[in-house]
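Hydrogens, waters and symmetry mates are skipped; everything else that's a heavy atom, side chains included, is used. Positions are given from 1 along the sequence. We count ligands from 1, going down the list as the structure has it; atoms in each ligand are counted the same way.
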Amino acid sequence: MTIQIPENIKPEDHRFGSGPSKIRPEAIASLGQSDAQYILGTSHRQAPVKAVVASLQVGLASMLNLPGDYQIVLGIGGATAFFDIAAFNLIERRSQHLVFGEFSSKFAQSAAAAPFIDDPEIIESEPGTHPISHRSDVDTYAMTLNETSTGVSMRVERPGPGAFTIVDGTSGVGGVPIDATETDVLFFSPQKGLAGEGGLWLAAMSPAAIERVNVVSQSRDYIPPFFDLSLAIDNSTKHQTYNTPPLIGLMLIDHQLQWINQNGGGQWALKRCATSAETLYSWAETSPYAEPFVKDPSQRSAVTGTIDFDESVDAKLVASTLRENGIVDVEPYRKLGRNQLRVAMFPAIDPSDIEALTVCIDYVVSQTR
Ligand SMILES: *Cc1c(COP(=O)(O)O)cnc(C)c1O
């Protein structure tokens, strides 16, 4: 090893990946506690597992401050599966998509590829910014709360009264402010802000969204059961999933939500991420060699910070040196191709560890330049 970072400046926890998130050691330890054996390895259609699902449904509704008539639905396959679920069950004829990075682009591609709906309207903007929605001849407005690939987040708003919105909240939920009443479907994978495991999707659905599923199902010739949202809705009201869920994932999500809600709820989690973000971006702004990639401060993500370096610094070398020292996953999104680091600041990550990380980056740079 060429450069050794002094132990006393290292963060407490070594994980800064933008997906999956750091999982708190306390959550991991809870899986080894004695009552875990009454859940893990038991039927997901019996009371012990259903109680975990019910608890996380209540916990999520509380953290998101959901209106009482919204429903928490869940299923297998992650946000990527939900892109196709949206095409099969929610887009009636045509959707509009805001595209500003890898994930929002995949969401749009799912709608574009579906042969039973019209080609979507796509509004695109340069990486590092986000486009703005406008009212148009569509029945569904698709947005992305936090574009994880570029570190841009957006304020979600209906583009007009009654406009039907579907929002990919993956990576944003928990750490990026969102008013759930501006969304009809807020879906996400739980391995980011909720520090769960990949493989599941969760969705907060408005009464209009439930109604939309009923209407759309009548006009489709065929919906594969795995993608059938009505089956997921029916199962979710019984605190189950259509097919077998990862039980460890459910336990971790529930643990994280209880931790957040016991500490002050959604506002507390948002503040924690905002504190981390303030630390990271103000460090970059005052650094002689670093700067935030996202120029408009109001579009900078509070959960996935992207930091550009000037040519005097080799960001790849910084990332690999941190990795050799046990500090992992600050590599940028590969396809963006910038001299950059990407730092996750999810609720599970301690703001003081973000501070320590910036000190470590400065140390590594001082040893390599
Ligand atoms: C990670 C991510 C996804 C994909 O999630 P999977 O669980 O891998 O399907 C989709 N959208 C956003 C914004 C993400 O950050």
>> Can you report which non-hydrogen protein atom sits closest to atom 11 (N) of ligand 1, along with the distance?
In response: Asp168 OD2, 2.6 Å
>> If the cut-off is 4.0 Å to any non-hydrogen atom of Lys192, which atoms of ligand 1 fall inside it?
In response: 1 (C), 2 (C), 3 (C), 14 (C), 15 (O)
> In the protein, which heavy atom is nearest to atom 9 (O) of ligand 1, and how far is it?
Replying inline: Thr80 OG1, 2.5 Å
> Run the salt bridge (Lys or Arg N to Asp or Glu O under 4.0 Å) check on Asp329 and Arg342 step by step: do they pass?
Replying inline: CA-CA 8 Å; Asp329 296 344; Arg342 183 176 54 159; over 6 Å; no
> What residue among Asp184, Ile166, Leu66, Ile233 forms side-chain contact (heavy atoms from CB on, under 4.5 Å) with Met205?
Replying inline: Ile233
> Can Arg300 be said to sit on top of Tyr281's aromatic six-ring, NZ or CZ under 6.0 Å from centre and within 45° of the ring axis?
Replying inline: yes
>> If we only consider heavy atoms of Gln191, is any one of them less than 4.0 Å away from an atom in ligand 1?
In response: yes
>> Which option wins on minimum heavy-atom distance to atom 7 (O) of ligand 1: Ser189, Gly193, Gly78?
In response: Ser189
>> If we check side-chain hydrogen bond (donor to acceptor under 3.5 Å, both in side chains) with His239, which of these qualifies: His44, Gln57, Lys50?
In response: Gln57
>> Can you confirm whether Glu285 is buried at CD, in the sense that more than 12 heavy atoms of other residues, nucleotides or ligands lie under 6.0 Å from that atom?
In response: yes
>> Within ligand 1, which atoms have a heavy atom of Ser171 less than 4.0 Å away?
In response: 15 (O)
> How far is atom 15 (O) of ligand 1 from its nearest protein heavy atom, and which residue and atom is that?
Replying inline: Thr148 OG1, 2.4 Å
> Do any heavy atoms of Asn146 fall under 4.0 Å from ligand 1?
Replying inline: yes
> When you check the gap from the basic side-chain N to the acidic O, do Asp314 and Lys316 get nearer than 4.0 Å?
Replying inline: no
